[in-house]
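Below: the structure, in structure tokens.
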2 protein chains.
Amino acid sequence: MSHQFHHSAEDLIRHNGGKVTAGRVGILAVLLAEQQAITHREIEQRLPQTLQLDRVTLYRVLEWLAGKNLIHKVSSDDRVWRYHANRDVSSHQHAHFKCTGCAQVICLETLPVERNWQLPAGYRFQEIELTVKGLCASCC
Amino acid sequence: MSHQFHHSAEDLIRHNGGKVTAGRVGILAVLLAEQQAITHREIEQRLPQTLQLDRVTLYRVLEWLAGKNLIHKVSSDDRVWRYHANRDVSSHQHAHFKCTGCAQVICLETLPVERNWQLPAGYRFQEIELTVKGLCASCC
DNA sequence: AGATAAATGCAACAATGTTGCACTCATTGT
DNA sequence: ACAATGAGTGCAACATTGTTGCATTTATCT
């Protein structure tokens with residue numbers, strides 16, 4: 001299964017002018033293979049046995065990938081960043097869903113925010129972060 | 001300035017069946033006096049010199065106050081909880097604004113979320129957390 | 001005032017994430 | 001193919017936020 005992700009990962013990294021290292025390819029491949037946004041822990045667990053990276057390297061690779069816009073970070077109420085590959089849905093703003101049962105986080109397609117609303121006078125808008133909480137299908 | 005807050009705090013705590021201790025009253029008074037949602041750090045700094053509490057006590061008091069619905073916790077992307085007294089606006093769902101310049105967090109009046117949107121099939125909705133990011137009036 | 005349970009302080013721990021520095025290795029040019 | 005180079009990595013140490021267990025203190029009730 002991972003061959004194609006491995007290959008895409010390599011391409012994406014090369015195209016962005018970074019060194020193609022085992023760590024970067026492996027991490028990006030893991031994220032490409034994953035539907036949900038996952039934590040640094042979960043990424044570690046999904047990496048092949050032959051590729052054990054230092055925690056610091058993992059953080060730095062994730063930071064680099066996010067900087068190149070290949071992945072994005074999702075903040076959550078448990079003080080843990082989750083990461084998700086930037087596919088179709090990810091270039092534009094979108095909301096996230098977090099299951100309060102299993103802590104799974106997925107990206108939703110849309111950002112269901114009304115058009116007409118105002119910040120207090122003098123405030124400037126930059127972006128919106130929206131997390132819907134509830135129970136996922138498995139936890140219902 | 002703090003006399004009235006101090007007094008309100010005492011009342012609120014007593015009404016909720018808790019022991020009226022200096023720590024609880026002081027912390028709630030600080031939060032009542034504050035417009036923004038502030039961190040545990042900022043609460044510590046605003047406490048009078050004569051009332052220095054252990055970090056653990058502060059956390060436990062905040063947890064207790066939140067459990068009694070006298071304050072609410074606001075999660076943020078910097079992995080730090082912020083706390084805000086439950087006034088008028090706070091009993092219902094509302095959005096928060098976080099300034100990317102000074103990290104100030106305020107509560108917005110409304111939750112500008114559309115009515116008609118769906119979670120994936122089998123998912124159950126519980127609540128929404130919405131944070132608008134941008135620059136506050138001072139940071140613009 | 002004394003009894004009692006609730007609240008607090010201390011020490012130790014856990015998890016996530018960051019920084020500095022030396023070393024390795026992917027890439028580039030020859 | 002190989003050497004030079006700087007980007008990437010690993011290690012150790014640290015910072016911050018928050019939690020847990022247990023002994024001690026204190027607000028409240030009678």
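Each chain gets a letter, A, B and so on, in the order the sequences are listed, and its residues count up from 1.
Looking at heavy atoms from C-beta onward, I43(A) lies in side-chain contact with L62(A) at the 4.5 angstrom threshold.
Between C140(B) and Y123(A) the shortest heavy-atom distance is SG-C, 4.4 Å.
Atom C1' of nucleotide dG17(C) and atom CG of D77(B) are separated by 14 Å, given to the nearest angstrom. Between the P atom of dT8(C) and the CD1 atom of I27(B) lies a distance of 8 Å, rounded to the nearest Å. Across the protein-nucleic acid pair, L62(B) atom CG and dT17(D) atom P stand 14 Å apart, rounded to whole Å. The CG atom of L47(B) sits 12 Å away from the P atom of dT8(C) (whole-angstrom rounding). Rounded to whole Å, atom P of dG18(D) lies 8 Å from atom CH2 of W81(B). Here the P atom of nucleotide dG17(C) and the CG atom of D78(B) are 12 Å apart, to the nearest Å. In this structure, I43(A) atom CD1 and dA15(C) atom P are separated by 18 Å, rounded to whole Å. The nearest whole Å value for the distance from the CZ atom in R82(A) to the C1' atom in dT16(C) is 12 Å.
Considering CD1 of I71(A) and CG of L32(A), their distance stands at 10.0 Å, rounded to 0.5 Å. If you take CG on L12(B) and NZ on K68(B), they are separated by 12.5 Å, rounding to the nearest 0.5 Å. Distance check: Q126(A) CD to C99(B) SG gives 7.5 Å after rounding to the nearest 0.5 Å. L119(A) contributes atom CG, which lies 7.5 Å from atom CD1 of I106(B) (distance to the nearest 0.5 angstrom). Interatomic distance, D54(A) CG to R60(A) CZ, rounded to the nearest 0.5 Å: 8.0 Å.
Between the side chain of R55(A) and the base of dG17(C) there is at least one donor-acceptor pair of N/O atoms closer than 3.5 Å.
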* To do: Any chance you could lay out the side-chain contact (heavy atoms from CB on, under 4.5 Å) test for L111(A) and H94(A), step after step, and finish with the verdict?
  => CA-CA 5 Å; L111(A) 187 65; H94(A) 60 276; 5.5 Å; no
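For the pair R41(A) and dT16(C), the criterion of a side-chain N or O lying under 4.0 Å from OP1 or OP2 is met.
By the criterion of side-chain heavy atoms lying less than 4.5 angstrom apart, applied directly or through intervening Ile, Leu, Val, Met, Phe, Trp or Tyr residues, V74(A) is not grouped with W81(A); the two fall into different hydrophobic clusters.
Within the nucleic acid shown, V56(A) comes within 4.0 Å of at least one base atom, counting heavy atoms only.
For the pair K98(A) and E129(B), the salt-bridge criterion is not met [side-chain N within less than 4.0 Å of a carboxylate O]. Ion pair E42(A)/R46(A) not flagged as a salt bridge, since none of the NZ, NE, NH1 or NH2 atoms sits closer than 4.0 Å to an Asp/Glu carboxylate oxygen.
Using bins of under 30°, 30° to 60° and over 60° for the plane-to-plane angle, the ring pair H40(A)/Y59(A) lands in the parallel bin.
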Below 3.5 Å between N/O atoms, which protein atoms pair up with nucleotides 6-9 of chain D? Just atom names and distances, please.
residue, atom, partner, partner atom, Å
dG6(D), N2, K19(A), NZ, 2.5
dA7(D), N3, K19(A), NZ, 3.2
dG8(D), OP1, K19(A), N, 3.3
dG8(D), OP1, R24(A), NH1, 2.4
dG8(D), OP1, R24(A), NH2, 2.7
dG8(D), OP2, R24(A), NH2, 3.3
dG8(D), O5', R24(A), NH2, 3.1
dT9(D), OP1, T21(A), OG1, 2.7

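With axes fitted over five pairs at each extremity, the angle between the ends of the helix from dA1(C)-dT30(D) to dT30(C)-dA1(D) is 30° (10° resolution).
Within residues 95-105 of chain B, no residue approaches DNA chain D, by heavy-atom distance under 4.0 Å.
Ranked by how close their nearest DNA chain D nucleotide is to the 5' end, R79(B) and Q52(A) are led by Q52(A).
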